[in-house]
Amino acid sequence: MFGIPGKQAVTITDRAATQIARLMAKDGHQGLRIGVKKGGCAGMEYTMDYVTEVDPHDEVVEENGARVMIAPMAQMFLFGTEIDYEINLLEAGFRFNNPNVTEACGCGESIKFDDALSQNG
């Protein structure tokens, strides 16, 4: 929807692709749908849900056996984002390296976008 011809909406690192493919295979899911919703101390939060059926309005990105669907209302917020999967001593989880974020809370769970972008969504 908000794509540039020849460029994927998001990129998926090898670590993230491995984890997403593992999650897809676990229960026969079609992939993961990512989006954003209002909430958190900075105003917005990322969402991730298992997908059993692909919505024709989703933007679909496939890399190395992983499939990610981007919900229509989130596409403008997530364009250009790199999805990574990090493991450290205290936690493991997906990380969104999103060039559209203007602020993030200290815990990294809540984000804020430029006001002009947020008003369009």
Side-chain angles (χ1 to χ4, degrees):
M1 179 181 255
F2 290 93
I4 296 173
K7 181 173 176 161
Q8 295 191 121
V10 299
T11 57
I12 306 168
T13 66
D14 290 342
R15 288 185 303 245
T18 299
Q19 183 64 17
I20 292 168
R22 186 177 300 136
L23 292 170
M24 287 171 57
K26 183 177 178 184
D27 290 317
H29 298 292
Q30 295 294 309
L32 292 176
R33 180 174 290 118
I34 60 173
V36 293
K37 68 176 184 175
K38 292 186 184 222
C41 52
M44 302 283 279
E45 298 175 316
Y46 293 111
T47 63
M48 291 189 87
D49 298 299
Y50 291 113
V51 175
T52 56
E53 193 172 307
V54 179
D55 184 314
H57 300 291
D58 285 348
E59 178 76 21
V60 179
V61 176
E62 295 183 86
E63 285 189 28
N64 299 323
R67 183 179 302 122
V68 171
M69 281 67 88
I70 306 170
M73 294 303 291
Q75 292 173 10
M76 70 179 149
F77 296 107
L78 296 174
F79 189 79
T81 298
E82 176 193 68
I83 302 170
D84 195 11
Y85 188 79
E86 295 180 356
I87 300 171
N88 62 42
L89 291 174
L90 298 176
E91 63 184 356
F94 289 100
R95 300 286 179 254
F96 295 85
N97 300 314
N98 187 337
N100 305 306
V101 170
T102 58
E103 292 180 36
C105 68
C107 67
E109 297 292 321
S110 182
I111 50 178
K112 182 177 180 182
F113 297 99
D114 181 271
D115 288 336
L117 187 62
S118 296
Q119 291 172 2
N120 290 329

Item to check | Phe94: which of Ile12, Asp84, Ile83 passes side chain to side chain contact (heavy atoms under 4.5 Å, CB included) | outcome: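 For Phe94, the side chain to side chain contact (heavy atoms under 4.5 Å, CB included) test succeeds with only one of Ile12, Asp84, Ile83, which is Ile83.
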Item to check | Side chains of Asn64 and Asp14, donor plus acceptor under 3.5 Å | outcome: yes
Do the non-hydrogen side-chain atoms of [X] and [Y] ever get within less than 4.5 Å of each other?
{"X": "Met48", "Y": "Ile34", "answer": "yes"}
{"X": "Thr52", "Y": "His29", "answer": "yes"}
{"X": "Tyr50", "Y": "Leu23", "answer": "yes"}
{"X": "Val54", "Y": "Met69", "answer": "yes"}
{"X": "Glu59", "Y": "Leu78", "answer": "no"}

Checklist entry - Does the side chain to side chain contact (heavy atoms under 4.5 Å, CB included) test come out yes or no for Val51 and Arg67, once each step is laid out? => result CA-CA 10 Å; Val51 175; Arg67 183 179 302 122; over 6 Å; no
Between [X] and [Y], which heavy-atom pair has the shortest distance, and what is it?
{"X": "Thr11", "Y": "Glu63", "result": "CA-OE2, 3.7 Å"}
{"X": "Val36", "Y": "Ala74", "result": "N-CB, 3.7 Å"}
{"X": "Gly80", "Y": "Pro99", "result": "O-CD, 3.4 Å"}
{"X": "Gln75", "Y": "His57", "result": "NE2-O, 3.4 Å"}
{"X": "Ala66", "Y": "Ala21", "result": "CB-N, 4.3 Å"}

Checklist entry - Between CD of Glu53 and CZ of Arg33, what distance do you get to the nearest 0.5 Å? => result 9.0 Å
Item to check | CD on Gln19 to OG1 on Thr13, rounded to 0.5 Å | outcome: 10.5 Å
Checklist entry - Partners of Glu82 by salt bridge (charged side-chain N to carboxylate O under 4.0 Å, His left out), sequence neighbours excluded? => result none
Item to check | Arg22: partners by salt bridge (charged side-chain N to carboxylate O under 4.0 Å, His left out), with sequence neighbours left out | outcome: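 None.
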Any sub-3.5 Å donor-acceptor pair from [X]'s side-chain atoms to [Y]'s backbone N or O?
{"X": "Asn88", "Y": "Leu90", "result": "yes"}
{"X": "Thr81", "Y": "Val10", "result": "no"}
{"X": "Asn98", "Y": "Phe77", "result": "yes"}

Checklist entry - Once the angle between the rings of Tyr46 and Phe96 is folded into 0 to 90°, is it parallel (under 30°), tilted (30 to 60°) or perpendicular (over 60°)? => result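 The rings of Tyr46 and Phe96 lie parallel, inter-plane angle below 30°.
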